[in-house]
Every structure is written in C-alpha cells, then in structure tokens.
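Only heavy atoms go into these numbers, but all of them, side chains included; no hydrogens, no water, no symmetry mates. Lettering follows sequence order; numbering is per chain, from 1.
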Number of protein chains: 2
Amino acid sequence: MAVTLKDIAQAVGKSVSTVSSALNDYEDVSQETKELVRRVAREMGYMPNIAAQRLRRKRTDTLGWILPTFGPRFSDPFFSELLAGIGNESALNGFDLLVSTHAPGPDEDEAYRRMVSGRRVDGLLVVRTRSNDLRIAFLAEQGFPFVAFGRTQQDFDFPYVDEDGVSGMNLVIQHLIDLGHRRIAFIAAPPDLMFATYRLAGFRGTMERNGLPLDESLIVLGDLTQHTGHQAAGELLDRPDRPTAIAACNDLMALGAMAAAQERGLIVGQDVAITGFDDIPLAQHSHPALTTLHQPIYRIGRMICDMLIKCIRGESLPERHVLLQPSLVVRRSSGG
Amino acid sequence: MAVTLKDIAQAVGKSVSTVSSALNDYEDVSQETKELVRRVAREMGYMPNIAAQRLRRKRTDTLGWILPTFGPRFSDPFFSELLAGIGNESALNGFDLLVSTHAPGPDEDEAYRRMVSGRRVDGLLVVRTRSNDLRIAFLAEQGFPFVAFGRTQQDFDFPYVDEDGVSGMNLVIQHLIDLGHRRIAFIAAPPDLMFATYRLAGFRGTMERNGLPLDESLIVLGDLTQHTGHQAAGELLDRPDRPTAIAACNDLMALGAMAAAQERGLIVGQDVAITGFDDIPLAQHSHPALTTLHQPIYRIGRMICDMLIKCIRGESLPERHVLLQPSLVVRRSSGG
DNA sequence: TGCCCAAACCGAAACGTTTCAAATATAACC
DNA sequence: GGTTATATTTGAAACGTTTCGGTTTGGGCA
C-alpha cells in the first residue's frame with residue numbers, strides 16, 4: 001500500500017494537518033517539525049496522491065495538447081520538435097502534459113470538450129489555427145485558458161505566438177526574384193489553414209510589388225506532405241512552360257518537390273530553384289541543402305507553454321501577442 | 001460552477017447514489033429512472049469530475065509515455081508516427097495519454113518514479129530499449145504494468161513488441177551482396193541501444209555467412225540523426241578505398257549519407273548504394289528513393305498500447321512477446 | 001390480514017488531500 | 001499568579017465520486 005499523510009502523521013506523532021502544512025512549507029509550522037516531517041516522508045518514500053490533491057485543490061497542474069493528425073501515417077518532424085519544446089517547458093514548471101490525437105473535422109470539438117468539461121487539464125494549447133477555428137471559438141466562449149500557435153480571422157482576443165508568414169514569404173520570393181526568376185510557382189496548402197493563407201499572401205504581394213505577372217495556374221495545392229509536394233512539382237515541371245523556381249509552403253513539400261525535379265534529371269539550384277518554409281532539421285541535410293525560412297520551432301513550443309502557464313497562474317503576460325520574424329536561410333537549392 | 005451528481009439528484013428528486021448507479025448502468029435501478037437520469041444529465045451538461053473518480057476508483061485510466069529526447073532539436077518522424085498510433089488506440093479505449101519528455105541519462109528514472117509513485121498513470125510505455133535498461137529494471141521491480149517496444153539483455157520477463165533487427169539487416173545486406181557489393185560500410189548507432197546491437201549483428205552475420213572480410217574501419221558510429229549520417233558517410237567516401245555500399249542503421253542517417261554522397265558528385269544507386277532501416281515516409285520521397293526495411297510504425301504504436309491496456313485490465317495477452325519481421329523495400333538508392 | 005420477497009432506492013463511509021477556525025502550548029509582561 | 005499575546009498544533013469539513021449494507025415500497029401469496 002502506498003504511504004499517505006496519515007502514515008507519516010502516525011510515524012511522527014503529529015496530526016495529518018500538521019504534516020500537510022509542513023510538507024507545503026506553511027508559515028505556522030515550527031522549523032524542527034518541518035524538518036522532521038520532511039525527513040520521515042522521504043524515508044517512507046511518500047508521494048502525494050495527485051488525484052486527491054487535484055480534487056481538493058481544484059486544479060490539475062496539467063496542460064492539454066490535441067495534435068491535429070492527418071491520416072495514420074502522420075509523420076511531421078515539425079511536431080516532434082514542438083513537442084520537445086512543450087514537454088520540456090511544462091516539466092520545468094511542474095506541469096504534466098496530456099496529449100491527445102484527433103483528425104481535424106466536425107467532431108473535433110468533442111475532444112476539446114472532453115478535456116475542458118472533464119477538468120482533465122487547466123489549459124490547452126492550440127496549434128495550426130484555421131481562419132474560422134471552431135476550437136478557438138469554443139475555448140474563448142467557455143473562457144477556458146488557452147494559448148494558440150497561430151492567429152485566426154475570428155473576432156476573439158486570445159494570447160498567441162505566430163510567425164509572420166507574409167514577411168517570411170516576402171523574403172524568400174524576393175530572394176528568388178533577385179536571382180532573376182520571373183516564372184515562380186507556388187505550392188500552396190489548404191487555405192483554411194491560417195498560416196497557409198499568410199504565406200500565399202506573401203507570395204502574391206511580393207510578385208505584385210515587383211510588377212511580375214501572376215499566372216494563377218502556377219499556384220497548385222498540396223496538403224503539406226512530401227507526397228503532394230512531389231506530385232504538385234511533377235505537374236508543374238512537366239508543363240512545356242515550366243517555372244524556373246518553385247516556392248513551397250513548407251519544407252516537407254519542398255523536399256518532395258526536389259525529388260520530383262531530380263527524377264526528371266533537373267539539377268536543383270541550377271535548372272530549377274526550390275525553396276521551403278520552417279527549416280526543419282532535414283532541410284539542412286538534404287541534397288542540395290534547402291533554402292528556407294527559419295523558425296525557432298523548439299523555442300516556440302517553450303514560449304506557448306510558458307505563456308499558458310502564466311495565464312493559468314493568473315500572471316499577466318508581458319506580450320499577449322507575439323509575432324516572430326522568420327529569417328531567410330539561403331542554401332544551395334535556390335542557387336543563391 | 002460545474003454540475004455534479006448532487007445537482008442531478010436534486011433535479012430528478014433522487015439520491016446521489018441512485019444517480020451514480022444509473023449513470024454507471026447498475027442492475028438495481030429501474031429502466032425509467034436510468035433514462036430520466038441520463039436525459040437530465042445530458043441536458044444539464046454533466047461531466048464527471050475525473051479527479052474524484054480517480055480518487056475513488058483507484059485508477060486513472062491514463063497511460064504514460066516518456067519520450068527519450070536527444071537535445072532540443074529533437075525531430076524524429078519515427079516518433080510522431082508512433083505517437084499517432086498510441087494516441088489513437090488509447091483514445092479508442094477511453095484512456096488518456098500522459099506524455100513527458102526526458103533525455104536518456106542517470107536522472108531519467110526520476111521521471112518514471114514520478115509517474116509511478118504519484119499514481120499519475122496506470123501503466124507505462126517504454127520505447128527504444130537499452131541492453132541494460134534501468135527503466136525496465138525499475139518498472140519490473142515495482143511490478144508496475146508496462147509494455148516495451150524493444151527487448152533488453154536483462155533477465156526480466158515483460159511484454160514487448162520488437163522488430164527482428166537481425167533478420168531485417170540480413171535481408172538488406174544480402175540484397176547488397178547479391179548486387180555484387182563486397183566492400184560494404186555500416187553506419188552504426190550507439191551500442192547501448194538494443195535495436196542498434198541487433199542491426200549491427202545482422203550486418204556482421206550476413207557478411208560472415210557470405211565469406212566476406214569484415215573491415216572494422218568500415219563500421220562507423222552515428223547517433224541516428226541525419227547530421228551524423230552525413231558526417232559518417234563523408235568520412236567513408238573520402239577514403240581512397242571507399243566502400244561501394246553504405247548500410248545505415250536507420251533512415252535518417254541514410255538520408256544524411258545520401259546528401260554526403262551527392263555533395264561529392266556521386267550518383268546514389270549507381271556510384272554508391274545506400275540503404276536505411278524503418279521506412280519513414282520521407283524514405284519514399286527522397287531522391288533517389290531509399291531502399292530500406294519497412295516497419296509498420298503506426299501499427300506498432302497501436303499494438304503496444306493495446307497490449308498495455310489489456311495488462312492493466314488484467315486480461316491475458318494472446319502473445320506476450322511479438323517479434324515482427326521487417327520487409328525489404330527495394331528502391332533506387334541501392335541500384336537494385 | 002399478515003407475511004415474505006424482490007425491486008428500487010438511499011445513507012453513510014471512504015478515497016487522500018487541503019484549509020480554516022478553534023484549541024492548546026509557550027512566552028512575556030505587569 | 002494571572003493576563004495577554006504569540007507560536008504551534010489540531011479537528012473537522014470539504015472536494016465529487018463509488019460502493020455497500022440497509023431501508024422502503026408494493027405485489028404476491030397463504
């Protein structure tokens with residue numbers, strides 16, 4: 001049987017409440033009692049029963065994260081790095097992390113409801129926001145603490161961290177234009193995803209600002225996986241009037257696009273320029289290495305986690321809305 | 001305030017215990033009462049307080065998984081796919097998943113102790129087992145339910161799923177030999193990792209069985225990331241007597257190795273053959289596509305999760321030890 | 001009418017904490 | 001020695017369930 005406060009109380013000959021107070025370092029317990037209690041607790045291998053603590057304290061010291069998984073072969077290095085950041089930061093603050101997986105869709109809010117109403121967690125992390133995001137609407141209406149990675153178009157004020165996709169895409173498209181490219185294709189992502197919208201807007205804006213014609217047929221849609229990047233780039237490159245550069249909405253699709261180009265005997269960075277967005281570790285070690293926009297993924301994980309914990313604790317946030325500027329990392333794939 | 005059993009009891013004019021029994025579908029509650037209670041509960045938006053349930057029931061309906069993270073830029077597509085499998089299977093069974101991150105090392109058992117002694121979870125998942133694995137020793141000694149992905153050299157009997165690394169590596173090395181390769185290099189992984197040991201043993205065994213000399217200097221050590229795969233392959237390929245084929249212990253290192261070869265102007269699959277192990281989605285879409293050994297990662301996630309839940313429920317396992325046979329996927333990188 | 005039985009329901013204890021008002025011990029002062 | 005103030009300690013309630021022994025209700029039967 002596990003050792004409880006009662007057992008310790010018996011062992012030291014004090015009451016349960018004194019033992020509890022001693023372990024929680026309350027003021028009104030004498031120093032020697034505290035030391036005695038703590039020593040005995042350690043010796044007996046005491047570990048508080050967290051279910052009881054949670055029931056009494058009315059908080060769980062647990063954060064929730066529902067991963068949007070697309071299909072069974074969900075394999076995105078972006079998320080594992082984010083998870084590392086979130087996991088480490090929450091552990092540092094003594095919070096547990098409850099992870100759940102759910103495909104985006106109509107019954108998604110059920111997973112959120114379960115977390116919120118069952119009081120499983122004190123706050124939630126929301127990632128990959130959508131323009132009209134039901135999850136955010138739900139949480140905001142409930143007044144439940146949450147922090148998002150990404151913005152939305154809805155009229156809710158909530159704390160978030162986001163990267164500036166518009167100016168990020170500006171940087172890389174301008175880079176391509178400066179290298180002399182005129183026919184630049186874009187592998188877009190589902191437009192309900194907020195970051196996809198921003199990145200596409202960045203692409204359009206930069207083309208326009210440079211007075212370049214925008215051939216809509218050069219904008220093709222992918223789903224963020226290498227697979228569709230591969231397909232999309234294949235279609236683009238098989239056209240008689242093929243583009244000289246392809247900017248992908250994320251690194252994974254860019255890597256797929258590179259493979260498609262290479263299968264066609266094209267030398268990436270020479271015959272065709274290809275760029276990504278995110279700077280996942282793979283980008284650095286592909287061949288040729290991928291020109292992309294760097295985001296501090298691990299640090300973002302820690303940031304949103306830290307912000308959420310501050311919210312839960314009722315502390316004020318120094319910055320409620322953080323917009324990070326991605327930095328351009330020029331590597332060989334753009335021929336720069 | 002959240003609605004409790006008491007509120008429902010008041011609303012339907014019955015006692016708390018009757019309401020509880022009704023919601024748990026006990027025998028001695030009349031059908032009409034059950035229906036009434038359930039309807040009212042739904043209408044009032046009742047959600048059980050899980051902290052109270054856990055305290056009373058003495059179980060958490062939660063599984064724990066401590067991810068071994070190596071450094072902040074932890075980014076392994078293998079794990080995100082495993083997570084998808086584990087997450088989906090546990091959700092299907094009504095279990096929560098508590099994820100924690102911890103670098104492998106001496107204070108790792110503290111994370112396990114926290115989960116176990118704090119009664120945070122009913123069972124644990126252990127992945128990436130080591131030959132002398134303190135985590136497994138700890139859990140086995142505590143008699144705490146757990147299922148491992150991977151075996152160990154210790155003398156404990158515990159349920160596990162593993163892939164047969166020896167015969168997997170046999171397949172791919174034999175494949176290379178059949179293609180005429182004689183000087184085959186191997187990018188190994190830290191030998192304390194069980195799967196690394198098996199895969200290396202598979203390499204050695206196949207070379208020996210084919211009567212090929214084993215040049216120990218052709219076995220170099222990596223840490224499973226593309227980065228070290230890249231480095232290791234670089235060293236190998238810069239030797240005057242460079243190998244004609246490189247087998248990597250995992251896909252990520254193989255991808256790094258491919259980049260190293262390509263940087264040196266070598267055509268992978270022609271000038272040098274390169275193979276991996278795991279068949280992560282990236283393997284299919286690299287250029288050239290990577291010859292590797294397929295493992296059903298998602299399914300493995302579901303399997304270990306399902307086994308763990310059975311253990312917790314006290315059900316017997318149809319198979320306590322599962323050894324999966326990886327299948328060879330020949331693609332272009334081996335020139336096959 | 002009286003008795004028995006099953007079905008349906010209920011009260012109270014228990015799970016292991018935390019918290020707060022109240023009680024006790026200790027010290028300080030006149 | 002009595003009074004007051006302060007430092008410790010304590011008992012009991014509370015958190016929201018589940019569970020179990022016990023009570024009520026009403027019907028069937030002699």
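Listed in residue order, the members of residues 12-20 of chain B having a heavy atom less than 4.0 Å from DNA chain D are Val16(B), Ser17(B), Ser20(B). Non-hydrogen atoms lying under 4.0 Å from DNA chain D are contributed by Thr33(A), all within residues 31-43 of chain A.
Here the side chain of Ser117(A) pairs a donor or acceptor atom with the backbone of Arg113(A) at under 3.5 angstrom.
Separating the CG atom of Asp25(B) from the C1' atom of dT19(D) is a distance of 16 Å, rounded to the nearest angstrom. Look at CG on Leu5(A): it is 14 Å from C1' on dT10(D), rounded to the nearest Å. Here the C1' atom of nucleotide dT6(D) and the CD atom of Glu27(A) are 14 Å apart, to the nearest Å. For the pair Arg59(A) CZ and dC15(D) P, the computed distance is 17 Å after rounding to whole Å. For the pair Arg54(A) CZ and dT17(C) P, the interatomic distance rounds to 13 Å; values are reported in whole Å. With rounding to whole Å, Asn49(A) atom CG is found 18 Å from dC15(D) atom P. Residue Asp61(B) contributes atom CG, which lies 14 Å from atom C1' of dT17(D) at whole-angstrom precision. In this structure, Lys6(A) atom NZ and dT18(C) atom P are separated by 16 Å, rounded to whole Å.
In this structure, Arg39(A) pairs ionically with Glu43(A), as a charged nitrogen and a carboxylate oxygen lie closer than 4.0 Å. Asp157(A) and Arg320(A) are joined by a salt bridge, as a carboxylate oxygen and a charged side-chain nitrogen come within less than 4.0 angstrom of each other. A salt bridge does not link Arg135(B) to Asp109(B): none of the charged nitrogens lies less than 4.0 Å from a carboxylate oxygen. The pair Asp96(B)-Arg114(A) counts as a salt bridge, with a side-chain nitrogen and a carboxylate oxygen less than 4.0 angstrom apart. One finds a salt bridge joining Arg151(A) and Asp162(A) here, because a Lys/Arg side-chain nitrogen approaches an Asp/Glu carboxylate oxygen to under 4.0 Å. In summary, Asp306(A) and Arg302(A) do not engage in a salt bridge, as defined by a charged side-chain N under 4.0 Å from a carboxylate O.
Remark: Glu315(B) CD is packed, more than 12 non-hydrogen atoms of other residues, nucleotides or ligands lying under 6.0 Å away. Crowding of Asp155(A) atom CG: a count of heavy atoms from other residues, nucleotides or ligands under 6.0 Å not exceeding 12.
OP1 or OP2 of dT18(C) has at least one side-chain nitrogen or oxygen of Gln53(A) nearer than 4.0 Å. Within the structure, a side-chain polar atom (N or O) of Asn24(B) is placed less than 4.0 Å from OP1 or OP2 of dT18(D). Phosphate contact (OP1/OP2 of dT17(C), side-chain N/O of Tyr46(A), threshold under 4.0 Å): present. At dC9(C), one or more side-chain N or O atoms of Ser30(B) fall inside 4.0 Å of OP1 or OP2 (strictly under the cut-off).
In this structure, Asp28(A) reaches the bases: a heavy-atom distance under 4.0 Å links it to at least one base atom across the strands shown.
Contact annotation: side chain of Arg56(B) to base of dT18(D), donor-acceptor pair present below 3.5 Å.
If Tyr26(B) and Leu55(B) are placed on DNA chain D by their nearest nucleotide, the residue sitting closer to the 5' end is Leu55(B).
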query = side chain to side chain contact (heavy atoms under 4.5 Å, CB included) between Phe195(B) and Thr129(B): does it pass, once the steps are laid out?
reply = CA-CA 8 Å; Phe195(B) 78 90; Thr129(B) 52; over 6 Å; no
